[in-house]
Amino acid sequence: MRVLPLCLLALSLTGCSLLHKPYQPIKPFPQEKTEPARNKPAARPAPVKLYNDPTDLVSKPFRDLGEVYGEDCQSSAQGAPANIATARKRMQIRASALKANAVLVHSCEIVSVAKGCYRQAICQGSALKVSNK
């Protein structure tokens with residue numbers, strides 16, 4: 001009766017030794033390459049066409065993806081002036097993030113009363129997905 005537990009113990013120890021894997025030290029931090037990594041240039045957003053007149057969209061099927069806006073801030077009287085073209089470009093970038101290919105511009109204006117800005121250019125519009133049918 002004493003032989004059985006000893007045989008089971010020897011067998012279990014032998015079975016565990018068959019699963020032995022060679023020791024591989026873990027590196028806490030990856031080694032930095034001596035050659036700088038070359039990053040790919042950022043992908044350009046898809047071009048977004050601006051429509052100023054809603055009648056231009058009458059014969060084209062489109063889907064409204066939501067409201068978008070763009071802004072440019074002149075922080076002080078001596079700073080670079082707020083630019084409507086920059087606000088319009090930022091609105092196009094936001095529309096591109098919504099997978100839109102067009103924007104119907106509602107309004108673009110320069111506002112003198114804006115929190116944190118001396119003057120601010122603001123453009124608002126609707127992001128659209130216009131079909132080419």
Side-chain angles (χ1 to χ4, degrees):
M1 191 70 180
R2 290 185 181 185
V3 175
L4 184 61
L6 287 175
C7 288
L8 289 175
L9 178 65
L11 185 62
S12 66
L13 290 176
T14 306
C16 291
S17 68
L18 294 175
L19 298 176
H20 176 70
K21 294 181 181 175
Y23 174 72
Q24 295 176 351
I26 298 172
K27 296 178 185 177
F29 300 104
Q31 297 290 334
E32 291 187 24
K33 296 179 181 178
T34 55
E35 184 178 317
R38 293 189 177 133
N39 294 334
K40 291 183 180 179
R44 290 184 134 193
V48 177
K49 186 174 180 181
L50 291 176
Y51 289 98
N52 292 316
D53 190 10
T55 58
D56 294 339
L57 294 166
V58 170
S59 62
K60 299 177 182 178
F62 65 89
R63 192 175 81 200
D64 189 350
L65 301 175
E67 295 290 317
V68 287
Y69 71 96
E71 59 189 0
D72 188 26
C73 179
Q74 178 182 357
S75 56
S76 67
Q78 291 79 25
N83 191 346
I84 288 182
T86 303
R88 199 177 292 136
K89 186 59 136 174
R90 290 179 180 165
M91 181 176 60
Q92 286 177 298
I93 291 169
R94 284 193 173 98
S96 178
L98 294 174
K99 306 282 191 244
N101 60 2
V103 172
L104 176 60
V105 179
H106 299 303
S107 67
C108 283
E109 59 187 3
I110 294 183
V111 180
S112 296
V113 182
K115 187 175 183 180
C117 295
Y118 179 71
R119 279 194 194 112
Q120 186 176 25
I122 300 173
C123 286
Q124 297 175 332
S126 296
L128 306 173
K129 184 76 170 179
V130 179
S131 300
N132 295 330
K133 291 182 181 180

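Position 1 is the first residue of the sequence, and the numbers go up from there.
To the nearest 0.5 Å, atom OH of residue Tyr118 and atom OG of residue Ser112 are 7.5 Å apart. To the nearest 0.5 angstrom, His106 atom NE2 is 11.5 Å from Cys123 atom SG.
At a threshold of 4.5 Å between non-hydrogen side-chain atoms, the residues Met91 and Val105 count as touching. Counting heavy atoms from C-beta outward, Leu128 and Val103 have side chains that stay 4.5 Å or more apart.
Of all heavy-atom pairs between Ala100 and Val48, the closest is O-CG2, 3.7 Å. The two residues Ala121 and Ala87 come nearest to each other via the heavy atoms O-CB, 3.7 Å. In plain terms, the two heavy atoms of Ala82 and Arg119 that are nearest each other are CB-O, 3.9 Å.
Hydrophobic clustering of Ile, Leu, Val, Met, Phe, Trp and Tyr side chains at less than 4.5 Å, counting indirect connections, keeps Val68 apart from Leu65. Under a hydrophobic clustering in which Ile, Leu, Val, Met, Phe, Trp and Tyr are joined whenever their side-chain heavy atoms come within less than 4.5 Å, directly or via other members, Leu50 and Leu98 fall into the same cluster.
With sequence neighbours left out, the side-chain contact (heavy atoms from CB on, under 4.5 Å) criterion links Ala114 to Cys117, Gln120. Residues passing the side-chain contact (heavy atoms from CB on, under 4.5 Å) test with Gln124 are Tyr69, Ser107, Ile122, sequence neighbours excluded.
Residue pairs meeting the salt bridge (charged side-chain N to carboxylate O under 4.0 Å, His left out) criterion with at least one member in residues 85-97, sequence neighbours excluded, are Asp72-Arg90.
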